[in-house]
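Throughout, a chain's letter reflects where its sequence line sits, starting with A, and its residues are numbered from 1. Predicted model only: the values in this text are computed from it and were never measured.
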Amino acid sequence: MDVSMTRRGLLKRGLFGGALLALGGSALLASREGLSLSPPPEGLQVLGPREYATLQALARRAFPGRPGWPDADTARVAFTADRLLARGDASVAKEVRELLGLFDNALAGFLFNGRVTPFSRLSPEAQDAAFEDWRTSRLLLRRTGHHALRTLVYSAYYLHPAAVAASGYTIPEGFHDANAVAWKGEGPRPAPLTQKEGSTP
Amino acid sequence: MSGRIFTGDELTEDRTITCDVCIVGSGAGGGVLGHELTRRGLDVVMLEEGGYRTRRDFDMKESTAYPALYQEMANRATDDLAISILQGRTVGGGTTVNWCASFRTPPEILHRWRDIHGVQGLDENTLAPHWDWLEERLHIRDWPIERANRNNQLLWEGLGKLGYSRGTVKRNVKNCAALGACGLGCPTDAKQSTLVTLIPDAVEQGMRLFANVSARKLELDGMRVVSVHADVLDPRTDRPTGRRLTVKPKVTAVCGGAINSPALLLRSGLTARGLVGKRFFLHPVVVSTARFRERVEAFYGAPLSVYSRQFIDRGPGKLGWLIEVPPIHPVLASVTMPGFGAAHQDLMARLPYANAVISITLDGVHPGDEGGTVGLRGEGEYTRLKVDYPLTDFHWEGFREALKVAARLQFAAGAEQVLSPHSSPVVMHGEKDVALLDRAPYAPLLCRVASAHQMGGCAMGGSAKTSVVDSTLRYWDADNLFVVDGSVFPTALGVNPMETILGLAHWGSQHVANAVSGRS
């Protein structure tokens, strides 16, 4: 096995291999429908409906219900991820879309570990096992995919104010001034703030 | 003459401007250089790809800071994602978002640059007056242990109990309220970054700074850079607006940092015989996370104020490391902490009780350790850059030993549990469990690695055959092109790099100024 494959190699080989096998008679498996979710009312900027549903399915496993914490749907993880991807490099967004497609794909699942159901339609326990299988894979390419998806859902979730609050971090109050002057060279430069020194807020 | 800070929304037409010096990048290197050249009366234009964000924008939220202030929204990484890379992208560069740690360059590193890499005229005595001036202007002062937050105190206590060397870190702050938000932009301007010190000083003296302007290519005529071609970006979307800014300088200084500088040279067809992008170093970091019974609240207080170089030199062929602690905010903690689902939630629910020790390894100082590579994925001005950093048994041995030391330190300080950075973590409940780290898997993405220090890629040296810039920071194969940032380091440092870059830029400004007047 080539374990030195890059992120790009991951996607190219994964999709290319899938296409070849599909041509060999596995098209039905490759095209099995995944989970269907209503798209967010604001619309999606990067993800397609299936990719959105796949990512939200993964987020539901990352953030099961817990008292005092927002769940994945409340935190709108896949929607936030879509907006994050929209602000970044378009080619990265494309790679993530391809990765999500591969991750949910039943044919890819069959090739990797013998499952014939799209990830997003697996039982919760089977979803955990499938994601874990990517983490522990001997193939660096699958571990890379696991890392990318995990980072995306965690980044998106912990941007939600309720998740931040649940983690115990409270933003110190009385220091940020949203109306402070942003000096650009015109007029006198604002005097530095005088702030009492401290050791913790 | 009064200068000006322009932002992308103000640049509604294609523009061509002339100047003495065009500086690409506004961080530790560019900020100092711009100040020093403007002080000498030169007409300086500075280009910064990131936005002009100030304390009005610094609301201490990760949701605001990472997309606005960091390269690739804080998701920059090596190509295989095995090493995540935190790097600033805003006016002030890394100085706006770093954790304020200020170290002069270790003398042994400067000696190595001289003896192994042929760098001439750059020793601690030469740099001392430059550092003296910078430490005064940027208010670099010791942060006494009495003012350390609990996260740093735990490290201090652990180091003391195990008898290891320890010290307090100097910080570039003034009237610091110790909010803990250094990495998210300082909301009180206490951090004496180039954003609030040298850059506005230079603008007052005439420097023109263009934020949201991305330098795409240097145009050469023979041995001289004649133009810098740049795209104007929309501050709201960070996308090109279609407007172009062309700068025609007498001298160009590339100060984009150790990834973007080599990438700009490569996009411009400048390879230095294949050396551009090589000898790229990351100070690869492994993080050991501990849980204490007491509240640590590592998200508050001065983030980094204690260090140890006890293990920086482990002898020939052994990777050494610097020991520090990081701030622990929810987003970074969530992607760093192991586990998934309920297990991960359990860890995050105990975030206020978490302490982390970071082992910052010193790369590039052992024979055969050439670090990584910055390259391009394709041809042309808009191709994405690509960072590769092969991790070998040499690194994994160092990481494993560093994690053992970190766990022992945390237990010595009273930790009730320590987790390794493996994707399936080694869970330790006492000193007796530290040996479990020997049996853990060490491979890319099975053991997580990070970096907040990028160095090299345009290495300085004594010969054009082995380096990209000479000992005056001039690109060997162009008369009026300089590189002034951490990319010129021939090796990593073993300390946080900001003050080395500041000092190098302050010292190097004389050479850039001389080039404007035609003196070598």
(request) Starting from the C-alpha separation in whole Å, work towards a yes-or-no answer on side-chain contact (heavy atoms from CB on, under 4.5 Å) for A/Tyr158 and B/Leu332. (result) CA-CA 9 Å; A/Tyr158 281 101; B/Leu332 276 192; over 6 Å; no

(message) To check you understand the geometry: which heavy-atom pair defines the closest contact between A/Ser155 and B/Val331, and what is its length?
(response) CA-CG1, 4.2 Å

(request) Mind ranking B/Asp189, B/Leu209, B/Asp59 by heavy-atom pairs under 4.5 Å with chain A and telling me who comes out on top? (result) B/Asp59

(message) Ignoring hydrogens, what is the shortest heavy-atom contact between B/Ser423 and A/Arg135? Give both atom names and the distance.
(response) OG-NH1, 2.6 Å

(message) Please classify the contact between B/Gln192 and chain A as side chain, backbone, both or neither, with a heavy-atom cut-off of under 4.5 Å.
(response) neither

(request) Name the member of B/Pro352, B/Pro444, B/Ala342 that forms the most heavy-atom pairs with chain A at distances under 4.5 Å. (result) B/Pro444

(request) Identify the two heavy atoms, one from A/Ser91 and one from B/Arg384, that lie closest to each other, and give their separation to 0.1 Å. (result) OG-CD, 2.6 Å

(message) Out of A/Asp128, A/Asn179, A/Thr170, return the one with the most heavy atom pairs under 4.5 angstrom to chain B.
(response) A/Thr170

(message) With chain A as the partner, which of B/Ser334, B/Ser424, B/Ala349 has the greatest number of non-hydrogen pairs under 4.5 Å?
(response) B/Ser334

(message) If you define the side chain from C-beta out and look only at heavy atoms, does anything of A/Asp177 sit under 4.5 Å from B/Arg55?
(response) yes

(request) Verify salt bridge (charged side-chain N to carboxylate O under 4.0 Å, His left out) between B/Glu72 and A/Arg87, making sure each step is shown before the conclusion. (result) CA-CA 9 Å; B/Glu72 301 180 40; A/Arg87 293 178 67 168; over 6 Å; no

(message) Ring centroids only, cut at 6.0 angstrom: are B/His344 and A/Phe63 within range, meaning strictly under it?
(response) no

(message) Just so I understand: if I count every heavy-atom pair under 4.5 Å between each of B/Thr54, B/Thr336, B/Val335 and chain A, which residue has the most?
(response) B/Val335

(request) If the plane angle is over 60° it's perpendicular, under 30° parallel, otherwise tilted; pick one for A/Tyr169 and B/His329. (result) perpendicular

(request) With a 4.5 Å cut-off on heavy-atom pairs, point out which of B/Pro67, B/Ala333, B/Pro200, B/Pro187 contacts chain A the most. (result) B/Pro200

(request) Mind listing the closest non-hydrogen atom pair of A/Tyr154 and B/Gly339 along with its distance? (result) OH-O, 3.9 Å

(request) Taking the side chain as every heavy atom from C-beta outward, state whether A/Arg143 and B/Leu446 have any pair of such atoms under 4.5 Å apart. (result) yes

(request) May I ask you to name which of A/Ala166, A/Ala182, A/Gly168, A/Gly185 has the most heavy-atom pairs under 4.5 Å with chain B? (result) A/Ala182

(message) For the backbone of B/Arg56 and the side chain of A/His176, can you confirm whether one donor and one acceptor N or O come within less than 3.5 Å of each other?
(response) yes

(message) Could you tell me if the side chain of A/Leu140 sits less than 4.5 Å from the side chain of B/Asp80, heavy atoms only?
(response) yes

(request) Taking all heavy atoms of A/Leu159 and all of B/Ser63, pick out the closest pair and write down the distance. (result) CD2-CA, 3.3 Å

(message) Minimum heavy-atom separation for A/Arg189 and B/Thr197, please, with both atom names.
(response) NH2-O, 3.6 Å

(message) Do A/Ser167 and B/Phe299 have side chains that approach each other closer than 4.5 Å (heavy atoms only, starting at C-beta)?
(response) no

(message) Quick check for you: among A/His160, A/Arg66, A/His147, which has the greatest number of heavy-atom pairs under 4.5 Å with chain B?
(response) A/Arg66

(message) With a 6.0 Å cut-off (strictly less than), is the heavy-atom count around CZ of B/Arg239, excluding the residue itself, greater than 12?
(response) yes

(request) Count the heavy-atom pairs under 4.5 Å between each of A/Val153, A/Val164, A/Asp89 and chain B, then report the option with the highest count. (result) A/Asp89

(request) Check the pair B/Lys61, A/Ile171 against side-chain contact (heavy atoms from CB on, under 4.5 Å), reporting the backbone distance first and the verdict last. (result) CA-CA 7 Å; B/Lys61 294 178 182 172; A/Ile171 294 171; 3.3 Å; yes

